[in-house]
Amino acid sequence: MAPQKLTEYERRRLENIKRNDQMLAALNIRSKLSQLSQSTKRAQTKSYKVSPEKKQRTETPIVLRRSLRARGVAPDPLSAGGLKDDFDETQNSISKKNSKLDSETTLMKRAYEKGPISMRDAYRTDASDRKLIETILDCSTELRLSEGNEVLGSSKLGRKVRGSIDIATMKLEPENIARVVPGRIMNLKFLPTTDARIVVVGNKFGDVGFWNVNAEDEDEDGIYLYHPHPAPISGIVCNSFSLSKIFTSCYDGFIRLMDMEKERFDLVYTSDYAVFSMSQKPDDLNSLYFGEGNGELSIWDARTGKSSSSWSLHQYRINTIDFNPQNTNIMATSSTDGTACIWDLRNVGVNGPASLKTIRHERAVHSTYFAPSGRFLATTSADDMVGLFSGDTYENMTMVYHNNQTGRWISSFRGIWGWDDSYVFIGNMRRGVDVISTTGKDVVATLQSEHMSAIPCRFDMHLYEVGMLAGATSGGQVYIWKPS
DNA sequence: ATTGTCATTACTCAA
DNA sequence: TTGAGTCCATGACAAT
């Protein structure tokens, strides 16, 4: 069973597992944990509800561009020789004999999808989504009106709330738990508004789910499900200027714009490569930055509707793209090639923006994010480290040990910043949220709750409500912590 | 450089 | 309450 020769990596991982097991045994936590998971089942009230007729359509087998990893490239599966690689065993049992037919239906499916999809066609939930749309459009309107009284642009950005939070006050109440989508959540975002608390999530199946947390309606639980993509959703971009427009990117290379006014998922960009990450420069809402295939970073321009630039910045996939909030020309990327890089977009050559710094981890880097002040940078890596960087050129480095071995079923952890430079929040394998302090240079607290029945692996903080943190699991759940 | 293979392991749901 | 099934992503590394 045990490998004959252990690599350093394996050895370390085994040590982790062993140590964890010992800790568990010592604390007799195993039995307590199982008790907890039992008791929490009842607390599970809110959940997406799919209408039967729609469900059928969701489960229609769709041939995806699989095996994206090795290539980073996704040549059209229809023209790619045999279908062998594109089918798994379970699908084979259904479709082995008429794979030809399947490829034809797939062709039609893709042809249909190569264009706008109406929100009605993509909608999967039982109850009407009218209320969701109205709520969001109302928020937008208020924002637009208030904009008139302000100086354009930067002042609005400055409204982003910053502040310290007492970690001990952050609580997870049962009513702030919901199963928003089926399957694994890849990405989640709070809509940046004070008028409503709405979480948008994207899952592995290409579903986009909404949870209106404060929906106080008797016949609605505030959960709405759409299916605009056929593959994992890699990015969600929304901004406070137009809440009714939400960009979503997908592993199949499509980027769509959900437009609540037009009630459509418009197709804005298609790539022959997988899109693994997407971000927006906070002061340039006319562009999208996204990671394509093996290390390409591209910019899509809303005014031309085309990709305007494409640079090869990394060797392997770009996992995250982030901008320094205080100087949005400074961009940070993280990549499976083991590096996190900082770039200056004011200084762009043929090979892309000038590289200001390369941070080298021993393994893949899963995320790189700037602190709200821009003065810190946090990296999360598969080498079981969270890097904290500070100083004018981020020259001061602190590596904090953190078990980031999430395995196959849990999405990689990504340490995100809170509402100031104090803390980085990151999931842990014990169904908790570790809080890393920049001053303490270590995990100083862990958010835990008996109501957390799964591991929260992807997070977002509410831009305007200090202490409101959302975490998402591989089972489609969303937890929202709030200050008590 | 490209391809192959191997190990990882939590959650849900049905019985 | 248990255990079977999921899963086909991801990353590391060996082989070519």
Side-chain angles (χ1 to χ4, degrees), chain A residues 1-14 16-17 20-21 30-31 33-41 44 47-48 59 61-75 77 83-93 179 181-186 203-206 231-234 250-252 274 276-277 293-295 312 314-319 334-339 361-367 380-384 403-414 427-432 452-458 472-477:
Chain A
M1 283 295 272
Q4 295 182 334
K5 202 183 82 181
L6 294 180
T7 61
E8 170 67 13
Y9 166 72
E10 287 167 332
R11 192 188 55 74
R12 195 146 34 120
R13 187 170 46 74
L14 287 172
N16 284 345
I17 293 167
N20 289 337
D21 279 350
R30 282 211 191 283
S31 57
L33 273 182
S34 56
Q35 283 166 18
L36 285 179
S37 61
Q38 288 158 31
S39 66
T40 49
K41 262 177 193 158
Q44 188 56 245
S47 177
Y48 69 95
E59 288 170 355
I62 297 167
V63 178
L64 301 180
R65 302 176 183 199
R66 292 177 192 273
S67 304
L68 295 167
R69 173 193 61 81
R71 298 168 273 176
V73 187
L83 285 159
K84 209 166 129 233
D85 286 337
D86 292 317
F87 285 90
D88 59 65
E89 282 165 13
T90 45
Q91 278 184 326
N92 265 339
S93 64
R179 197 173 299 277
V181 289
R184 182 194 298 190
I185 292 175
M186 310 285 292
N203 73 359
K204 212 190 66 173
F205 306 133
I233 287 173
S234 52
C250 180
Y251 277 27
D252 76 343
F276 288 118
S277 47
N294 279 334
S312 186
H314 286 276
Q315 195 181 351
Y316 296 125
R317 58 188 273 180
I318 296 171
N319 293 311
S334 64
S335 168
T336 299
D337 68 10
T339 66
H361 275 271
E362 286 178 36
R363 311 278 171 203
V365 185
H366 289 139
S367 67
T380 305
S381 168
D383 68 3
D384 283 343
N403 175 20
N404 296 329
Q405 302 306 312
T406 47
R408 184 180 182 175
W409 315 114
I410 308 296
S411 294
S412 59
F413 293 146
R414 296 172 172 175
N428 75 22
M429 292 301 277
R430 323 228 142 267
R431 296 178 181 166
M452 225 190 312
S453 60
I455 294 167
C457 49
R458 294 290 160 91
T473 75
S474 277
Q477 287 172 302

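Sequence lines set the chain letters: A, B, ... in the order given, protein chains first and strands last, and positions in each chain run from 1.
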Using only heavy-atom distances, determine whether the side chains of [X] and [Y] contain a donor-acceptor pair under 3.5 Å.
X        : Y        : value
A:Asn404 : A:Ser381 : no
A:Ser412 : A:Arg458 : yes
A:Ser367 : A:Thr380 : yes

Could you tell me which residues satisfy side chain to side chain contact (heavy atoms under 4.5 Å, CB included) with A:Ser474, sequence neighbours excluded, listed by chain and number?
A:Arg184, A:Ile410, A:Cys457
What nucleotide, of [options], holds the atom closest to the side chain of [X]?
X        : options                : answer
A:Ile455 : C:dT10, C:dC8, B:dA10  : B:dA10
A:Arg408 : B:dC11, C:dT10, C:dA9  : C:dA9
A:Met429 : B:dC11, B:dT12, B:dA10 : B:dA10
A:Ala364 : C:dA12, C:dT10, B:dA10 : C:dA12
A:Arg363 : C:dG11, C:dT10, C:dC13 : C:dC13
A:Arg431 : C:dT10, B:dC11, B:dT12 : B:dC11

May I have the distance from [X] (atom [atom1]) to [N] (atom [atom2]), rounded to whole angstrom?
X        : N      : atom1 : atom2 : answer
A:Ile185 : B:dA10 : CD1   : P     : 18 Å
A:Lys204 : B:dC11 : NZ    : P     : 14 Å
A:Arg179 : B:dC13 : CZ    : P     : 6 Å
A:Asp384 : B:dT8  : CG    : P     : 14 Å
A:Ile410 : B:dT12 : CD1   : P     : 9 Å
A:Glu362 : C:dG11 : CD    : C1'   : 15 Å
A:Gln405 : C:dA9  : CD    : P     : 20 Å
A:Asn319 : C:dT10 : CG    : P     : 9 Å

Walking DNA chain C from its 5' end, the first of A:Gly407 and A:Tyr316 to be reached, judged by nearest nucleotide, is A:Gly407
5' precedence on DNA chain C between A:Phe205 and A:Arg317 (nearest-nucleotide basis):
A:Phe205
[N] phosphate, OP1 or OP2, under 4.0 Å from [X] side-chain N/O:
X        : N      : result
A:Ser474 : B:dA10 : no
A:Tyr251 : C:dT10 : yes
A:His366 : C:dG11 : yes

A:Thr336 vs A:Asn319 side-chain heavy atoms within contact, under 4.5 Å
yes
Roughly how many Å apart are B:dT5 and C:dC7, using the P atom of each and rounding to a whole number?
23 Å
